[in-house]
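See below for the structure under consideration.
All ligand and atom numbering here is 1-based and tracks the order in the structure. These numbers come from a predicted model, not from an experiment.
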Amino acid sequence: MVQEEIRRNNVGTLLRHVHLGGSVSRTALSERMRLNRSTIMALIAELTRAGLVREELPQGTGRAGRPSLVVRPESGRAYVLAFDVAVDRLVAARVALGGIVLDRREAVRPRAGADLDRVVEVLAEFGRRLHGEAPPDALCVGVGASYCGMIRPGDGMVRFGPDLGWVDQAFGAELGRRLGLGLPVSVGNEAHLGALAEQQRGAGANLQNLIYLHGDVGVGGGIIVGGKLLDGDSGYGCELGHMVVNPYDGRPCGCGSHGCLEAEVGERALLDAAGRPAELFGRDAVRAVADDADRGDPAAQEALHRIGDWLGIGVANLCNLFNPGMVIFGGTLREIYPGMAAQVRARIAANALPVARERVRLRTSALGYDATLAGAAELGFSGLLADPLGVLARTAPCSARR
Ligand SMILES: [Zn+2]
């Protein structure tokens with residue numbers, strides 16, 4: 001029994017290395033897993049027979065000698081469905097091992113209050129279509145979803161989603177029911193998932209201590225310390241957007257407080273600072289401010305500088321608290337950060353302790369708007385990576401479930 005558990009664990013660990021690395025040599029696997037070459041070869045053989053990896057010659061090897069084979073994830077066999085609920089947008093994708101998006105659907109979400117039924121209807125329709133168009137022998141091994149709010153771990157209940165006006169909505173259970181695939185839907189907070197995705201295959205690849213700030217209407221946060229997400233006592237931690245930076249005359253926040261970071265740097269604050277009319281909103285409106293600033297428009301530049309000052313205060317506090325190796329700006333912050341980087345840096349220099357900030361790197365997200373979707377896909381893959389052969393044995397091919 002113990003032997004069997006060790007083997008299962010090793011098969012899963014090897015698949016995880018290949019899934020995240022994309023292309024890994026036998027030697028590297030042997031070193032990382034501290035297993036001898038013949039054990040590694042036996043594990044690769046099992047995963048190859050299962051259709052999850054393949055071995056091939058590395059790209060770009062010229063003529064010399066016998067190059068050693070690399071192991072790559074196989075994208076035709078197992079996939080997950082990944083969903084992303086952002087304020088403006090609903091996205092669904094079929095994602096293969098290696099994080100490869102095979103197919104996707106996207107819809108604009110009207111800003112229309114608590115609309116669980118509508119959101120689930122659109123996503124479930126997308127999901128069923130993606131599933132229906134998968135090759136007949138492909139296996140859907142999991143479903144993950146990212147949501148812009150506070151999620152109860154375990155059942156995907158949205159406890160609080162101020163930007164969509166959702167309180168205690170059974171999102172994960174409803175989406176699972178409407179998909180009708182007999183698979184549970186794992187749901188996570190968008191910024192938590194974005195942080196993990198950036199750490200797994202983005203700007204913070206392999207860093208153990210990083211902070212991810214995700215701009216949408218508000219600002220979400222994910223903090224990774226010692227390689228692990230800080231999600232708090234009950235899963236609701238890292239609400240960096242509700243860190244108070246301006247308590248005395250701050251702007252009202254969707255959470256009911258005043259002067260929260262997201263109230264001062266979120267979408268409305270930026271558009272107001274840039275003098276944009278109240279009926280303009282959304283990521284395109286935010287991008288337009290960044291573009292105008294790029295072209296030298298003084299009002300847009302001034303707006304970015306003001307917002308950047310508040311953002312810098314927030315990041316300076318985070319440096320003092322967590323001493324991160326990197327702070328990553330994602331979502332709409334990725335669009336506007338370059339125009340306010342000087343203000344953010346100036347605030348950090350003025351307000352963070354020298355030893356807490358001396359090594360911090362400030363970066364924009366490498367995965368862009370897909371960071372949250374990539375994180376949702378990883379949630380979907382977690383079962384397969386824990387027990388690849390067991391999950392395959394328990395999963396019926398797509399053709400049998402249509
Ligand atoms: Zn708030």
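For the Zn ion (ligand 1), protein N/O/S neighbours under 2.8 Å (waters excluded) are His242 ND1, Cys253 SG, Cys255 SG, Cys260 SG.
Take Arg287 and apply the salt bridge (Lys or Arg N to Asp or Glu O under 4.0 Å) test, not counting sequence neighbours, and it matches Asp284, Glu335. Partners of Arg54 by salt bridge (Lys or Arg N to Asp or Glu O under 4.0 Å), not counting sequence neighbours, listed by chain and number: Glu56, Glu74. With sequence neighbours left out, the salt bridge (Lys or Arg N to Asp or Glu O under 4.0 Å) criterion links Arg347 to Asp309.
For the pair Arg334 and Phe329, the cation-pi criterion (under 6.0 Å, within 45° of the ring axis) is not fulfilled.
Electrostatic pairing of Arg37 and Glu31 does not count as a salt bridge here, judged by no charged N lying under 4.0 Å from a carboxylate O. Taking a cutoff of 4.0 Å between a charged side-chain nitrogen and a carboxylate oxygen, Arg129 and Glu133 do not qualify as a salt bridge.
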